[in-house]
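All heavy atoms count here, side chains included; hydrogens, waters and symmetry mates do not.
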Amino acid sequence: MLPGSIQISGETLSGAEIKDICESLRENTVRLLSLRGCQLSDRDFGRVCRGVSESHSLAQLNLNLGVVSSISRVKQLAEALKTNRSIQSLFLHGSPLTDAGLVFLNPALATHPSLVSLDLGDCMLGDEGINLICGLLPPEGAKSGLRELTLSANPAVTSKGWAKLAIAVAHSSQLRVLNLDYNPLGDNIAGMLAVTVSSSRTLEVLDLEGTGLTNQSAERTMNLWSILPSETVNVDTDQVQKIPVPCWF
């Protein structure tokens with residue numbers, strides 16, 4: 001049987017439902033598991049994590065909207081990721097992770113052999129968290145790293161944190177998509193990002209929707225990118241809808 005998907009959103013999960021999910025994970029019949037916004041007990045969350053650790057088929061794990069709601073759950077997820085070798089995409093958007101939680105999770109993320117897409121949007125991260133994330137963007141010639149990174153809506157990150165990220169992105173040999181929408185970046189940080197994009201050989205999509213960029217900053221960035229090679233970058237700002245084509249403001 002080809003691996004399928006389990007997608008449940010916003011429900012309170014019973015013990016019987018968790019049992020079925022875990023059995024499917026252990027039997028390697030699940031490629032995508034999404035429990036977006038679901039309510040489950042700490043005991044059942046631990047059972048799911050054990051199922052994740054044993055699965056060889058699971059490629060996408062979506063725990064968005066508060067499923068990972070405590071440090072103890074972060075630790076359980078980290079242990080599962082240390083054993084799992086198949087997950088390619090991990091979505092934790094809207095989880096109260098905080099920098100403290102990422103400290104526990106980061107070693108598992110950094111050593112996972114298959115992870116290429118990570119969503120930590122709206123996870124209450126600050127500069128310490130960004131510093132850890134930079135380690136997931138190794139420079140050219142080092143180990144493989146993330147190809148898609150979402151850091152939307154983490155307003156506690158300061159200009160210092162974004163500067164570190166810009167440097168890491170500039171030297172990354174893997175990153176294709178960077179979503180920074182709904183962070184209060186402003187023009188100064190936009191300038192750093194412009195330099196980042198001009199230095200990156202791989203970045204294709206940069207999402208800056210809702211970041212407070214002015215038209216003047218957008219124009220400067222466009223002028224810089226106009227001299228780049230044929231590889232193009234799609235930039236999303238307040239004025240446009242996200243589309244996977246050459247850059248537009």
key: Flag side-chain contact, heavy atom, 4.5 Å: Asn183 against Trp162   = yes
Pairwise side-chain contact, Ile133 with Leu125, heavy-atom cut-off 4.5 Å (strictly under) = yes
message = So, taking the atom named CG in Asn179 and the one named CG in Leu208, what distance separates them when rounded to the nearest 0.5 Å?
response = 9.5 Å
query = Taking atom types as modelled and ignoring hydrogens, do the side chains of Thr214 and Asp187 form a donor-acceptor contact shorter than 3.5 angstrom?
reply = yes
ask   = How many angstroms lie between atom SG of Cys134 and atom CD1 of Ile167, to the nearest 0.5 angstrom?
value = 8.5 Å
request  = Please indicate whether Arg176 has more than 12 foreign heavy atoms, meaning atoms of other residues, nucleotides or ligands, lying under 6.0 Å from its CZ.
outcome  = yes
request  = For residues Leu165 and Leu137, determine if any side-chain heavy atom of one lies less than 4.5 Å from a side-chain heavy atom of the other.
outcome  = yes
request  = Decide if atom CZ of Arg36 counts as having more than 12 heavy atoms of other residues, nucleotides or ligands within a radius under 6.0 Å.
outcome  = no
ask   = Does any N or O in the side chain of Asn28 come within less than 3.5 Å of the main-chain N or O of Ser55, such that one atom is a donor and the other an acceptor?
value = no
Passing candidate, side chain to side chain contact (heavy atoms under 4.5 Å, CB included) with Leu115, options Asn84, Leu136, Leu146 = Leu146
request  = Report yes if some heavy atom in the side chain of Ile87 is under 4.5 Å from a heavy atom in the side chain of His112; otherwise report no.
outcome  = yes
key: Close side-chain approach of Gln7 to Leu33, heavy-atom, < 4.5 Å   = no
key: 4.5 Å side-chain heavy-atom contact, Thr150 and Val177   = no
request  = Report yes or no: does Asp42 contribute a side-chain atom to a donor-acceptor pair with the main-chain N or O of Phe45 at less than 3.5 Å?
outcome  = no
message = So Ile18 and Val48, do their side chains get closer than 4.5 Å, heavy atoms only?
response = yes
